[in-house]
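The next block holds one structure in the form of structure tokens; read it before the comments.
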Amino acid sequence: MVALVAILRAKAGLAGPLKERLMSLVEPTLAEPGCVQYDLHQGTEDPNTFVFYERWKTAEDLAEHAGRPHMLAFGSVAKGLVATRELIHLTAA
């Protein structure tokens with residue numbers, strides 16, 4: 001089992017549109033092979049911050065996630081909405 005924490009910060013004034021796009025990723029991602037958990041959170045102190053907590057059966061499942069059509073479509077609009085992105089890859093301790 002592998003996990004990923006993805007932290008995205010919206011560009012100024014674009015938290016609403018970014019949230020809509022991020023929410024649209026949840027359902028198709030949960031249907032992907034190997035996806036165990038895919039939770040989206042929004043910052044309470046900074047509503048421009050969004051965090052995905054993801055768990056995948058294998059590293060290969062996670063790697064294939066990036067090439068899925070819904071992720072590629074998001075990537076084409078992300079530059080206009082996302083100010084910063086940080087990915088933290090995890091395994092159980």
| Picking from E32, M1, E64, Q37, what satisfies side chain to side chain contact (heavy atoms under 4.5 Å, CB included) with W56? |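 Of all the options given, the one that passes is E32.
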| request: Identify which one of T29, L4, I7, L22 satisfies the side chain to side chain contact (heavy atoms under 4.5 Å, CB included) criterion when paired with F52. | output: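 Per the side chain to side chain contact (heavy atoms under 4.5 Å, CB included) rule, the option paired with F52 is L22, out of T29, L4, I7, L22.
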Are [Y] and [X] connected in a single hydrophobic cluster, I mean Ile/Leu/Val/Met/Phe/Trp/Tyr linked by side-chain heavy atoms less than 4.5 Å apart?
{"X": "V51", "Y": "L18", "answer": "no"}
{"X": "L40", "Y": "V77", "answer": "yes"}
{"X": "V26", "Y": "V82", "answer": "yes"}

| For the atom pair OG1 (T44) and CD (Q42), what is the distance rounded to the nearest 0.5 Å? |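 Nearest 0.5 Å value for the OG1-CD distance: 9.5 Å.
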| message | As an exercise, state the distance from CD of E54 to CG of L30, rounded to the nearest 0.5 Å. | response |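 The CD atom of E54 sits 10.0 Å away from the CG atom of L30.
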So, for [X] and [Y], which heavy atoms are closest and what is the spacing to 0.1 Å?
{"X": "A10", "Y": "F50", "result": "CB-CE1, 4.4 Å"}
{"X": "P33", "Y": "R68", "result": "CD-NH2, 3.7 Å"}
{"X": "G80", "Y": "K11", "result": "O-CD, 3.6 Å"}
{"X": "G67", "Y": "L72", "result": "O-CD1, 3.4 Å"}
{"X": "D61", "Y": "G34", "result": "OD2-CA, 3.2 Å"}

| query | Do V2 and H89 come close enough that some side-chain heavy atom pair is under 4.5 Å? | reply |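 Contact flag for V2/H89 side chains = no.
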| request: Go through the steps for V36 and K57 under the test side chain to side chain contact (heavy atoms under 4.5 Å, CB included), then give the verdict. | output: CA-CA 7 Å; V36 176; K57 289 182 181 177; 3.8 Å; yes
| task | State whether a side-chain donor-acceptor pair under 3.5 Å links S24 with H70. | result |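 Note: S24 and H70 side chains miss the donor-acceptor criterion.
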| said: Quick one, I88 with Y53, criterion side chain to side chain contact (heavy atoms under 4.5 Å, CB included). Give me CA distance, side-chain angles, the key distance, then yes/no. | reply: CA-CA 10 Å; I88 304 168; Y53 179 73; over 6 Å; no
